[in-house]
Amino acid sequence: MQLLMQVTDKLSRFLMIASIILAGAMMLHVSFDVLLSLFIAEPLPATVEIVSSYYMVALVFLPLAFVELKNEHIHVDVIHSHLPDLGKTILDVFALTLSTIYLGLMTYQTWFDALEKFEVGEYSMGMVSIALWPGRFFVPIGCGIMTAVLLLKLIRRPFTNADMAPEPSDMTEGGID
Amino acid sequence: MSFFEIGLSGIALVIVLVLMRVPIAVALGLVSFGGFWVMLGSAPAWGLLTAIPYSFSAHWTLSSIPMFLLMGYICYQTELTKGIFRAARVWLSWMPGGLAVASIGGAALFSAASGSSLATAAAMGRIAVPEMLQRKYDPGLSASVVAAAGTMGSLIPPSIILIIYGIFAEVAISKLFLAAIIPGLLTMLGYTLVIVIRCTLNPSLAPPIDETITARERIAALGETWPVIALIAGVFGGLFTGVFTPTEAGAVGAALSFIIAAARKTLNWKVTKIALIDTAKTTAAIFIIAVGANLFTRFLAISGVPAAMSAMVIEMGASYLVLVIGTAVIFLLLGMILDPLGIMLLTLPILLPIFEANHISLIWFGLLATKLVEMGLITPPVGLNVFVIKGIVGDSVPISAIFKGVLWFLFADLFVLAIMVAFPQVVLFLPGLAG
């Protein structure tokens with residue numbers, strides 16, 4: 001159990017690092033594209049395709065497991081926070097079960113979809129054709145590790161609430177508005 | 001059960017699940033998946049779950065969201081905004097409640113570099129609240145002014161909320177940004193009036209600052225604002241002259257904020273990492289809900305609930321005003337338990353068809369909805385901006401005092417709303433000019 005938790009923890013962090021590198025790369029890529037089209041009227045090839053099918057998919061799905069690890073997926077606390085410990089445990093088990101099912105289903109489906117796109121060698125139809133299928137795998141990878149994080153939390157939840165506390169964080173961290 | 005009944009049960013189920021602390025993304029997605037299964041069978045349900053997560057996120061226009069987030073986080077982490085408050089302070093401190101007015105002015109300027117209300121409240125709160133408390137300003141006033149001023153972050157462009165609204169409503173984001181300018185300025189004016197009136201009636205709220213500021217100091221203070229002015233000029237200049245699109249503006253703005261921070265020598269690896277991590281975390285948390293909301297929109301559309309509701313509204317002959325007040329009540333109720341994004345994404349699938357069927361401008365509705373969800377950020381019990389400020393002030397100001405102080409600013413918000421409803425031109429004038 002301990003080992004499994006360490007492995008998912010490492011994997012979540014690894015995916016997080018990958019996504020922050022891609023976030024930086026996306027900024028540079030788009031900025032260069034703007035500069036080039038401004039000064040030499042010749043933008044980089046396939047920027048739109050690369051941004052949408054690689055950077056964006058990665059940025060949406062790869063950090064999911066890490067966000068779950070930090071308990072920063074958005075939920076509503078109004079009732080939960082007023083319940084006794086037993087009630088909290090029951091609600092948490094319920095929510096974790098549903099989350100595991102949803103993310104599990106999504107992982108399963110998108111994995112086969114990615115394999116299918118890999119087999120047909122999905123590519124873009126624009127001026128320059130680039131392979132699009134690799135980006136498809138970001139979805140099941142991100143959702144899959146998040147499912148693993150959820151499952152481990154679910155198994156431990158009846159015995160401890162150690163996994164449920166949000167970390168004390170910087171004020172803007174995880175802020176959605 | 002008829003499709004219509006399934007649709008209604010779906011809405012009820014989502015609300016129950018969300019109240020049971022199921023993550024909003026999961027509640028929306030799972031209910032939609034189940035709903036599709038019940039209505040159309042297993043194949044369409046699986047098909048939807050396969051296609052939507054990827055196709056919704058692999059989206060060029062939406063790439064501006066992580067980039068605008070990054071721009072705001074970099075500004076915040078590298079203290080690009082420190083000079084703003086100082087400048088606003090030397091220029092505005094002669095007014096009654098001068099420091100509070102300066103916080104409003106500073107926040108309005110910061111809002112033009114940030115797409116997020118929480119980041120704006122946090123950035124201003126960190127600088128302005130300690131200074132006001134030190135000058136013996138009323139603690140409730142000091143904390144609440146920044147909590148309220150923060151809500152301009154999502155109103156004054158760029159705005160994450162407006163980009164997401166634009167995607168769901170299929171409205172041009174540049175038009176939404178233009179439409180937001182006047183309501184944003186009106187909000188700033190309203191908040192300023194609240195402070196001036198309150199502090200004139202009760203000078204003990206804000207003891208006047210006894211200091212003479214020379215013209216030279218005023219000019220010098222303006223010099224400190226160059227990082228933000230340069231950033232805003234770069235982003236909006238390029239945006240409205242068409243050098244780059246609203247989508248590209250995010251990336252250019254983020255890159256500019258890095259360059260400016262580097263020039264000011266406040267950029268280092270640590271703050272870069274924090275800003276990038278915040279960007280990635282927030283992006284994933286926003287989009288996984290948006291994927292669920294997209295599934296939910298499709299589920300509701302098949303069930304026919306939005307169509308039936310808009311037919312009902314038209315049949316009732318509900319006037320413009322009734323519709324607006326109804327929406328406001330729903331938003332303010334939801335605002336008690338949900339954050340702005342959650343409210344938007346839960347209600348748009350139902351409300352957009354209704355407003356569209358009644359021939360109400362979706363640009364105008366976008367601004368109305370944004371203003372309403374932002375008011376939810378400062379109303380109890382879940383007033384995220386208030387919590388952000390509470391995190392900054394710690395034990396020195398009780399949370400009840402902040403909520404009480406915020407009430408005054410909510411009056412100003414109601415006034416701005418009334419103007420937007422009575423004179424839709426204040427919203428639609430600027431986007432109209434752009435054709």
Side-chain angles (χ1 to χ4, degrees), chain A residues 16 19-24 26-31 33-34 38 48 51-53 55-57 59-64 66-67 70 72-80 91-92 94-95 98-99 101-103 105-106 109-110 112-113 132 135-136 139 142-143 170-177, chain B residues 18-26 29-30 33 46 49-50 53-54 57-60 62-63 66-67 70 73 76 116-119 122 154 161 243-244 248 251-252 254-255 273-274 276-289 337-342 377 381 384 388 391-392:
Chain A
M16 189 64 192
S19 29
I20 69 171
I21 293 171
L22 288 169
M26 175 158 114
M27 174 187 83
L28 294 176
H29 195 143
V30 176
S31 303
D33 186 58
V34 169
L38 183 61
V48 172
V51 167
S52 345
S53 325
Y55 296 130
M56 276 309 285
V57 184
L59 260 182
V60 171
F61 291 97
L62 298 188
L64 283 178
F66 186 79
V67 177
K70 300 274 176 196
E72 287 179 10
H73 277 295
I74 301 167
H75 53 247
V76 171
D77 264 333
V78 262
I79 295 180
H80 186 276
L91 277 199
D92 285 346
F94 178 71
L98 290 191
S99 305
I101 292 174
Y102 180 57
L103 268 296
L105 289 175
M106 211 190 278
Q109 277 299 306
T110 54
F112 286 106
D113 182 52
L132 296 182
R136 294 266 177 184
V139 186
C143 293
D170 194 54
M171 286 142 342
T172 62
E173 263 183 331
I176 324 287
D177 55 309
Chain B
V18 165
L19 285 175
M20 291 176 76
R21 206 174 189 252
V22 174
I24 298 173
V26 174
L30 214 49
F33 176 73
W46 286 116
L49 202 61
T50 314
Y54 179 86
S57 356
H59 206 302
W60 165 244
L62 288 177
S63 70
M67 295 292 97
L70 181 58
Y73 288 141
Y76 174 69
S116 139
S117 290
L118 297 189
S154 291
I161 289 281
V243 172
F244 39 77
E248 294 163 331
V252 175
K273 203 176 96 185
I274 296 176
L276 283 169
I277 289 179
D278 281 351
T279 303
K281 280 201 303 197
T282 309
T283 305
I286 291 180
F287 274 78
I288 195 70
I289 296 183
I337 54 164
L338 279 171
D339 71 315
L341 186 76
L377 271 180
L384 291 176
V388 167
I392 295 172

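Protein chains get the first letters and strands the later ones, always in sequence-line order, with residue 1 at the start of each.
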Discussion item. Just so I know, are the side chains of A:I20 and B:K273 near enough to count as touching, which here means a heavy-atom distance under 4.5 Å?
Written reply: yes

Fill in: Contacting region of A:L105 [heavy-atom separation from chain B under 4.5 Å]
both

Response to the item:
Honestly, the part of B:I289 sitting under 4.5 Å from a heavy atom of chain A is side chain

Discussion item. Please rank A:L22, A:T110, A:L59 by heavy-atom pairs under 4.5 Å with chain B and give me the top one.
Written reply: A:L59

Discussion item. Do A:I74 and B:P23 make a side-chain contact, defined as non-hydrogen atoms from C-beta onward lying under 4.5 Å apart?
Written reply: no

Item to complete: Determine the option with the most heavy-atom pairs under 4.5 angstrom with chain B, choosing from A:L62, A:L28, A:I79, A:V48.
Response: A:V48

Practice prompt. Work out which heavy atom in B:H59 is nearest to a heavy atom in A:M56; give both atom names and the distance.
Written response: O-CG, 3.8 Å

Worksheet item: Does the side chain of B:L384 come within less than 4.5 Å of B:V388's, by heavy atoms?
Response: no

Discussion item. Let me confirm one number: the CD1-NE2 distance from B:I24 to A:H75, rounded to the nearest 0.5 Å.
Written reply: 9.0 Å

Worksheet item: What part of B:L70 gets closer than 4.5 Å to chain A, counting heavy atoms only: side chain, backbone, both or neither?
Response: side chain

Worksheet item: Can you tell if the side chain of B:S63 reaches within under 4.5 Å of the side chain of A:V30, non-hydrogen atoms only?
Response: no

Worksheet item: Which bit of A:V139 comes within less than 4.5 Å of chain B, counting heavy atoms only: side chain, backbone, both or neither?
Response: side chain

Worksheet, complete the sentence: The interface call for A:V76 against chain B, heavy-atom contacts under 4.5 Å, is both

Worksheet item: With chain A, which of B:G342, B:P66, B:A254, B:S57 has the greatest number of heavy-atom pairs at distances under 4.5 Å?
Response: B:S57

Fill in: A:Y102/B:L49 under side-chain contact (heavy atoms from CB on, under 4.5 Å): CA gap, chis, key distance, verdict
CA-CA 10 Å; A:Y102 180 57; B:L49 202 61; 4.0 Å; yes

Item to complete: Report the distance from atom CG of A:L91 to atom CZ of B:R21, rounding to the nearest 0.5 Å.
Response: 8.5 Å

Practice prompt. Could you tell me which of A:L103, A:D92, A:L98, A:I21 has the largest number of non-hydrogen atom pairs under 4.5 Å with chain B?
Written response: A:L98

Worksheet item: For A:L38, is it the side chain, the backbone, both or neither that has a heavy atom under 4.5 Å from a heavy atom of chain B?
Response: side chain

Fill in: B:Y73-B:S116 side chain donor-acceptor pair, cut-off 3.5 Å
no

Discussion item. Report which part of A:Y55 has an atom under 4.5 Å of a heavy atom belonging to chain B: side chain, backbone, both, or neither.
Written reply: neither

Item to complete: Please state whether the side chain, the backbone, both or neither of B:P53 comes within less than 4.5 Å of a heavy atom of chain A.
Response: both

Discussion item. Within the 4.5 Å heavy-atom criterion, are A:D113 and A:R136 side-chain neighbours or not?
Written reply: yes

Worksheet entry | Most chain A-contacting option - heavy-atom pairs closer than 4.5 Å, from B:W46, B:F33, B:Y54 | B:Y54

Fill in: Part of A:M16 lying under 4.5 Å from any heavy atom of chain B
side chain

Item to complete: Using a cut-off of under 4.5 Å on heavy-atom pairs, state which of A:F61, A:F112, A:F66 scores highest against chain B.
Response: A:F61

Item to complete: Please look at B:A25 and chain A and tell me whether the side chain, the backbone, both or neither of the residue comes under 4.5 angstrom of a heavy atom of that chain.
Response: backbone

Worksheet item: Are any of the side-chain heavy atoms of A:M27 and B:V252 separated by less than 4.5 Å?
Response: no

Worksheet, complete the sentence: Scored by heavy-atom pairs under 4.5 Å with chain B, the best of A:P63, A:G135, A:G24, A:G142 is A:P63

